[in-house]
Amino acid sequence: MTARIIDGKALSKQLREGFKARVATLVEQGVTPGLAVILVGDNPASRVYVGNKVKACEECGVRSFHIALPSDTPQAEVLATIARLNADPAVHGILIQLPLPHIDGRSVLEAISVHKDVDGFHLYNVGGLVVGNTIFPPCTPYGVQLLLDTTGTDVAGKNVVVVGASNIVGKPMALMLLQREATVTICHARTRDLAQHTILADILIVAAGRPGLIVPQMVKQGAIVIDVGINRLPDGKIVGDVDFEGVKEKASWITPVPGGVGPMTVTMLIENTLRSAERALHVPGSEDYQDWEAPVLKGA
Ligand code: NAP
């Protein structure tokens, strides 16, 4: 069997086309969706990620506010910047690029208004995942969920194995698929005999940041394999965590790297920003908006 490719680049393009009509509708109603991206310091990788986000905003008609702060910015000043953006009605989403130098990331994330937390990292949104009712699902797992949908697979009752248990990918991914009634196993660096778990997966999602971690012997015939990993090899080549060439001969569907999950992450960030702008329209002065009911994960 040679796997069919789950094309994240194509899905991303299609979704972004759809965003244009939503932006036009918002603009007609006097709202231009806006995303503020805060970068503290000059980490080169972070600068590239922020650049990609700003570019994607422009492409989709979303106004971007790029706030670059020097690496020695005191925590109080970062918090004051967030407070200003929380109160600014032109800003519908606030994102702070991680990692942060010398600053307590958790307290900064908690300072972002829940209504503008388009990365989905605020504790409210994290907790919302546990009960299956979050406002803004975190972008990478949200993108994976849509990629899985393109295969036409009902995940209910399937064995899903998530390799990687980080707060931004592995854990929320597992919770989102549990909500869809999959039987979910989470593996991490301390998991003994990883293959013993992965071989049982109908759906295998890998987010470990370890090139070549998943080889064909670890994959069940016909499994769907989603590779979240992004690793730069010494020769500059970008690869995932899965031995793509080998595993594609066993899987039924597989994501490539690049061109799989990567493009979806930024696309879902724009999706969350548009949803935030749409929510703001319903209740003037979105900071007072107390309707927490946004079951986007239910049957999304
Ligand atoms: P992270 O915070 O470093 O977490 C990695 C997770 O993988 C941890 O839970 C770790 O276990 C686990 N792990 C490490 N080595 C392992 C092994 N040998 N076997 C099993 N589990 C192992 O990384 P992350 O932020 O979640 O990102 C993971 C990968 O996805 C990276 O390559 C990153 O670049 C990529 N990524 C891609 C996107 C995208 O848009 N495509 C977005 C975010 C991240 P412990 O918890 O035990 O340490």
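Just so you know, ligand 1 is whichever comes first in the structure, and atom 1 is the first atom listed for that ligand. Because the structure is a prediction, the values reported are computed rather than measured.
- Within the 4.0 Å heavy-atom shell around ligand 1 one finds Thr140.
- Under a 3.5 Å cut-off, the side chain of Asp202 and the backbone N or O of Lys158 do not form any donor-acceptor pair.
- Atoms of ligand 1 found under 4.0 Å from any heavy atom of Val163 (numbered from 1 in listed order, with element): 20 (C), 21 (N).
- Checking only distances, Ser166 does come within under 3.5 Å of ligand 1, N or O to N or O.
- Residue Glu181 qualifies as open at atom CD: its count of foreign heavy atoms under 6.0 Å is 12 or below.
- Ion pairing between Arg16 and Glu271 fails under the 4.0 Å rule for side-chain N and carboxylate O.
- Side chain of Asn86 to main chain of Ile112: no donor-acceptor pair is present (N/O by atom type, distance under 3.5 Å, no hydrogens or angles).
- Residue contacts with ligand 1 leave out Gly170, since none of its heavy atoms falls under 4.0 Å from the ligand.
- With ligand atoms numbered from 1 in the order given, ligand 1 contributes 40 (O), 41 (N) to contacts under 4.0 Å with heavy atoms of Gly262.
- Under the side chain to side chain donor-acceptor pair (under 3.5 Å) test applied with Ser12, the options Thr267, Thr265, Asp7 reduce to a single match, Thr267.
- Considering only non-hydrogen protein atoms, atom 10 (C) of ligand 1 sits nearest to Ala189 N, 4.0 Å.
- Residue His188 touches ligand 1 through backbone and side chain together, judged by heavy-atom distances below 4.0 Å.
- Proximity to Gly164 (heavy-atom distance under 4.0 Å) selects the following atoms of ligand 1: 6 (C), 7 (O), 9 (O), 12 (C).
- No salt bridge links Arg47 with Asp42; every basic N to acidic carboxylate O contact stays at or beyond 4.0 Å.
- Contact check on Glu17 versus Lys13 returns no salt bridge, with no Lys/Arg side-chain nitrogen under 4.0 Å from an Asp/Glu carboxylate oxygen.
- In summary, the atoms of ligand 1 found under 4.0 Å from a heavy atom of Ala165, numbered by their order in the structure, are 6 (C), 8 (C), 9 (O).
- Residue Leu213 approaches ligand 1 through these ligand atoms, each under 4.0 Å from one of its heavy atoms: 18 (N), 19 (N).
- At the shortest separation from atom 36 (N) of ligand 1 among protein heavy atoms lies Val228 O, 3.7 Å.
- Annotation: Ile230 places an N or O atom under 3.5 Å from an N or O atom of ligand 1; distance criterion only.
- Proximity of Met264 to Leu11: side-chain heavy atoms (C-beta onward) are separated by under 4.5 Å at one or more points.
- For atom 3 (O) of ligand 1, no protein heavy-atom neighbour is present inside the 4.0 Å cut-off.
- Of all the heavy atoms of Ile168, the ones lying under 4.0 Å from any atom of ligand 1 belong exclusively to the side chain.
- Under 4.0 Å is where a charged nitrogen must lie from a carboxylate oxygen, and between Asp149 and Arg180 at least one such pair does.
- Counting heavy atoms closer than 4.0 Å to ligand 1, residue Thr265 contributes side-chain atoms (C-beta onward) but none from N, CA, C or O.
- Contact annotation: for Thr191 versus ligand 1, there are no heavy atoms closer than 4.0 Å.
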